[in-house]
Amino acid sequence: MANSPLLSAKGVSKTYGAVVALSNASLELASGEIVALMGANGAGKSTLVKILTGAIAPSSGDILIKGRKHAVRSPADARSAGLVPVYQEPSLIPDLDVLDNLRLGNTPVEAFRHWVNELGVQKLDMSEAAYRLPLAIQRVLDLARALASEPDVLLLDEMTAALPTDMVDKVLDVVRKQKELDRSVIYISHRFPEISAVCDRANVLRDGETVGDVAIEDGIEDHIVELMLGAPVQAARKASAISKPEALAGSDAVPRLSVRNLAAASKLVDVSFDLNAGEVLGVAGLEGQGQDELFEALAGMIRPTGGTIEIDGAIQEFHHPADAIAAGHVYVPGDRADALLMQRSVRENIAMPFHTHPSQWGLINMSAEKNKVDAAIERLQIDTRAQGEVQRLSGGNQQKVTIARWIALGVRTLLCFDPTRGIDVRTKREIYPLLRELAEQGSSVLLYTSELEEIQLACDRAIVIFGGRVVDQMHVRDADEPTLMRAAYGLSRASPSPEQETVV
Ligand SMILES: Nc1ncnc2c1ncn2[C@@H]1O[C@H](COP(=O)(O)OP(=O)(O)OP(=O)(O)O)[C@@H](O)[C@H]1O
């Protein structure tokens, strides 16, 4: 109908037994508009996107396309109505090559190639099995596949969460191009800079309900956060104030972890640093600079090809992740699916490492286990409404479970890889103090984060890796975003002080 919005959703709800995933969501989208869908973890964003794209059926509510009611019965139905999603998790079938993945969805190959190119992927072997491609490339291919079908409405669910900065810029360019073509985008992201770069409006969900629809303009961030949290920003900031020790922790003591000239696979070339007890050391780097290999080598998942790892002054060789765990050295991977048993309960997932050592086998002390698990759930404020199976938790709550299990067990060194990827502001504000608290209790934390501003929120010091080497290291007070960004791109700081040149 003339003057009707291209897409509107009214009073949409979705319940799973006792869990109310969406209670009353509403949204309007005109042609050529880019609308951010915002909300804390578990607010219902992914549920709304899945309903709009026919992956799940709503319990109630209406969806209207150009003013007419439209029951979106399946993803194919949504596609033919012009609604095409890129979901939060990669959607290529891992064992099929890229070309077969395209054939499966009838994707026009030439259009796909065009968008792959626009998104900055230079060489793509279409006969490569999808699982062999890095996560960032898989995400970009998901987007190129969606764009190739020329959607009227593209729905991007945290599409950029796993991407390095340069690829994020390409995605933002492509989103702007959709607008120029008078097409529309629903954009889910937890990153304000991206939202303000491309979006016209933000539709905010809280606890399954639409609580606001605001134009994106300067200074609107605090208001959006207030809508998301349901609390004034000042109070929320105060509640999450983080204490950071001024001095570098324990620099005279034997380091908890000492890495010298570590090399592994082809990407980790020569990395040296110390991590002290009671310290959070940040690692910054663009995608693919060797950080994955660094963490995998430290976690005993891959064997170093050179260099040494010392723990408390003694050289250690890990032949298996169990060796690293036995040394109190545990890894929280970025991909929660790697860390969790998705079909098991929250409790089983948290309690899993309690019983890894043969000396702990035998009768399980259920009440002691329950107390520890309950304490961890309470401390991380894990939403346990869907606790029977971890796969039913929202992404942010799943991530908290991966950390909770090590809090419950007690840990000497936590190797945390991008723990806040795709996590909302509220949950982030819970995770940073948690890492600090662990450090204050004597644990050491090595934290890789793709969000550079997190370094100053959570760390004592930072190292930057580029091309498999440490190219810069600094006290947290110097680790602002521009400095880290320059180093991450391999640009040196104006004149490094002698202190920065030595390995600390
Ligand atoms: N299949 C399911 N069974 C039970 N509960 C579910 C199911 N899917 C989602 N939920 C619940 O519905 C709520 C909304 O989840 P949803 O994934 O839509 O949130 P979200 O806003 O996308 O969160 P995030 O930013 O963490 O991805 C959460 O409490 C989640 O646990």
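We use all heavy atoms of the structure for the numbers below, so side chains are in, but hydrogens, waters and symmetry mates are not.
- Counting only heavy atoms from C-beta outward, the side chains of I463 and M474 never approach each other to under 4.5 Å.
- Residues K10 and L27 fail the side-chain proximity criterion, which asks for heavy atoms closer than 4.5 Å.
- For the pair D418 (side chain) and S450 (backbone), a donor-acceptor distance under 3.5 Å is present.
- Taking each heavy atom of G290 and L268 in turn, the nearest pair found is O-CD1, 3.5 Å.
- When side chains are defined from C-beta on, L205 counts as touching L37, because their heavy atoms get closer than 4.5 Å.
- Just one of T413, T402, L415 meets the side-chain contact (heavy atoms from CB on, under 4.5 Å) condition when paired with Y331; it is L415.
- Between V84 and R145 there is no side-chain heavy-atom pair separated by less than 4.5 Å.
- Classification of K50 and D157 as a salt-bridged pair fails, no side-chain N sitting under 4.0 Å from a carboxylate O.
- The structure places CG of L281 at 9.5 Å from CG of D274, a figure rounded to the nearest 0.5 Å.
- The side-chain heavy atoms of H70 and D77, taken from C-beta on, include a pair separated by under 4.5 Å.
- Side-chain atoms of N24 do not come within 3.5 Å of backbone N or O of E209 as any donor-acceptor pair.
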Working for side-chain hydrogen bond (donor to acceptor under 3.5 Å, both in side chains), residues T483 and D480: CA-CA 6 Å; T483 307; D480 55 35; 2.5 Å; yes
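- Using a 4.5 Å heavy-atom cutoff, the side chains of L143 and W115 are not in contact.
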Working for side-chain hydrogen bond (donor to acceptor under 3.5 Å, both in side chains), residues S60 and S13: CA-CA 5 Å; S60 65; S13 77; 2.6 Å; yes
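- Remark: R176 engages D173 in a salt bridge, criterion side-chain N to carboxylate O under 4.0 Å.
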Working for side-chain hydrogen bond (donor to acceptor under 3.5 Å, both in side chains), residues T53 and Y87: CA-CA 10 Å; T53 53; Y87 293 128; 2.7 Å; yes
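- L22 is listed as a side-chain neighbour of I51, based on a closest heavy-atom distance under 4.5 Å.
- Within the structure, the salt bridge (Lys or Arg N to Asp or Glu O under 4.0 Å) test picks out the following pairs touching residues 25-39 (sequence neighbours left out): E33-R201.
- Partners of E451 under the salt bridge (Lys or Arg N to Asp or Glu O under 4.0 Å) rule, at least two apart in sequence or in another chain, are R191, K428.
- In summary, R183 and E150 engage in a salt bridge, as defined by a charged side-chain N under 4.0 Å from a carboxylate O.
- Nearest heavy atom pair, residue P151 against residue A146, reads CD-O, 3.4 Å.
- Atom SG of residue C416 and atom CD1 of residue I431 lie 8.0 Å apart, to the nearest 0.5 angstrom.
- Side chain to side chain, S189 and E158 fail the donor-acceptor criterion of an N or O pair below 3.5 Å.
- Under the 4.5 Å side-chain criterion, counting only non-hydrogen atoms from C-beta, V153 is in contact with L6.
- Residues R436 and D460 are paired through a salt bridge, judged by an N-O separation under 4.0 Å between the basic side chain and the carboxylate.
- Side-chain contact check for S91 and D142: at least one donor-acceptor pair (N or O, by modelled atom type) lies under 3.5 Å.
- Listed here is the closest heavy atom pair of S444 and N276: OG-O, 3.0 Å.
- Checked by atom type and distance alone, the side chain of K69 never pairs as donor or acceptor with a backbone atom of D62 at under 3.5 Å.
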